[in-house]
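The figures here come from the full heavy-atom set of this structure, side chains too, leaving out hydrogens, waters and symmetry mates. Order of the sequence lines fixes the chain letters, A, B, ..., with proteins taken first and strands second; residue numbering starts at 1 for each chain.
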Amino acid sequence: DIQMTQSPSSLSASVGDRITITCRAGQSISTYLNWYQHQPGKAPKLLIYGASNLQTGVPSRFSGSGSGTDFTLIIRSLQPEDFATYYCRESYSTRGTFGGGTKVEIK
Amino acid sequence: EVQLVESGGGLVQPGGSLRLSCAASGFTFSSYSMNWVRQAPGKGLEWISHIFISSSAIYYAHTVKGRFTISRDNARNSLYLQMNSLRDEDTAVYYCARTYPFKVPSGAYYAMDVWGQGTTVTVSS
């Protein structure tokens, strides 16, 4: 299985901040990387597919980049509704592994 | 409205069995691969199983292989997860999710774009 490592595991930020979450794959996965947002009590939500493609309806303050083994999720101008846990997941293999998650908390 | 609704969760003793269901509506269920994903208390998301459109291919995470069985009934627009030999560590919220093929010039990217609200499974004596 492909190991997916996210960092940081948690961060505190204020409304309006720009934050960066990184995800590293244990082997090259090209751009087969998706990002999800998960809020307590809610269904997870797809944000980005193919490393950099914004899912329909997702605000443009979210962006993704990277290829190979290193990927980044950036949220520009954090909004109150963005406080959640974010997960990367590789879709290169049939048993796509999730990263451990990054919890974004209010400072 | 595209929707997935899980059911069948509950309290079960270690070693017991449970069958989860996921009812799909608002889309052509038979045209999509489906998944089960879980989240244990205080833990992250864990993919556990995937089934192709016609059940032609099925995959499991190592943590559940040999104990869990995924299946689907395209005529009933339903996905199932039969869970046997349950362990304490299977306690989690279980989600079903659709795999969508996002077409790009070079091929397609696959991602889980529709998720249910989850059903809770508690394994405890």
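- With a 4.5 Å cut-off on non-hydrogen atoms, B:A97 does not touch chain A at all.
- Connection of B:F27 to B:I53 is not established within any shared hydrophobic cluster, with ILVMFWY side chains joined at heavy-atom distances below 4.5 Å, either directly or through further cluster members.
- Both A:V15 and A:I106 are part of a single hydrophobic cluster, where members link through side-chain heavy atoms under 4.5 Å apart.
- B:Y80 and B:V64 end up in different hydrophobic clusters when Ile, Leu, Val, Met, Phe, Trp and Tyr side chains are linked at under 4.5 Å.
- In terms of hydrophobic clustering, with Ile, Leu, Val, Met, Phe, Trp and Tyr side chains grouped at heavy-atom distances under 4.5 Å, A:V58 and A:I74 are assigned to different clusters.
- If you measure heavy-atom distances from B:V37 to chain A, the contacts under 4.5 Å come from the side chain alone.
- Across every non-hydrogen atom of B:G116 and A:A43, the tightest pair is O-CB, 3.1 Å.
- Residues in residues 19-29 of chain B take part in no side chain to side chain donor-acceptor pair (under 3.5 Å) pair, two or more places apart or across chains.
- Ranked by heavy-atom pairs under 4.5 Å with chain A, the list B:A111, B:G44, B:A108, B:G118 is led by B:A111.
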Donor-acceptor pairs, chain B vs chain A, cutoff 3.5 Å:
{"unit_1": "B:Q39", "atom_1": "NE2", "unit_2": "A:Y87", "atom_2": "OH", "d": "3.4"}
{"unit_1": "B:Y60", "atom_1": "O", "unit_2": "A:R95", "atom_2": "NE", "d": "2.7"}
{"unit_1": "B:H62", "atom_1": "NE2", "unit_2": "A:D1", "atom_2": "OD1", "d": "3.3"}
{"unit_1": "B:H62", "atom_1": "NE2", "unit_2": "A:D1", "atom_2": "OD2", "d": "3.4"}
{"unit_1": "B:Y95", "atom_1": "OH", "unit_2": "A:H38", "atom_2": "NE2", "d": "3.2"}
{"unit_1": "B:Y109", "atom_1": "OH", "unit_2": "A:T31", "atom_2": "OG1", "d": "2.5"}
{"unit_1": "B:Y110", "atom_1": "O", "unit_2": "A:N34", "atom_2": "ND2", "d": "3.0"}
{"unit_1": "B:M112", "atom_1": "N", "unit_2": "A:Y36", "atom_2": "OH", "d": "2.9"}

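- B:L81 and B:L11 are not part of a single hydrophobic cluster, where members link through side-chain heavy atoms under 4.5 Å apart.
- With sequence neighbours left out, the side-chain hydrogen bond (donor to acceptor under 3.5 Å, both in side chains) criterion links B:R87 to no other residue.
- Residues meeting the side-chain hydrogen bond (donor to acceptor under 3.5 Å, both in side chains) test with B:N74, sequence neighbours left out: B:R72.
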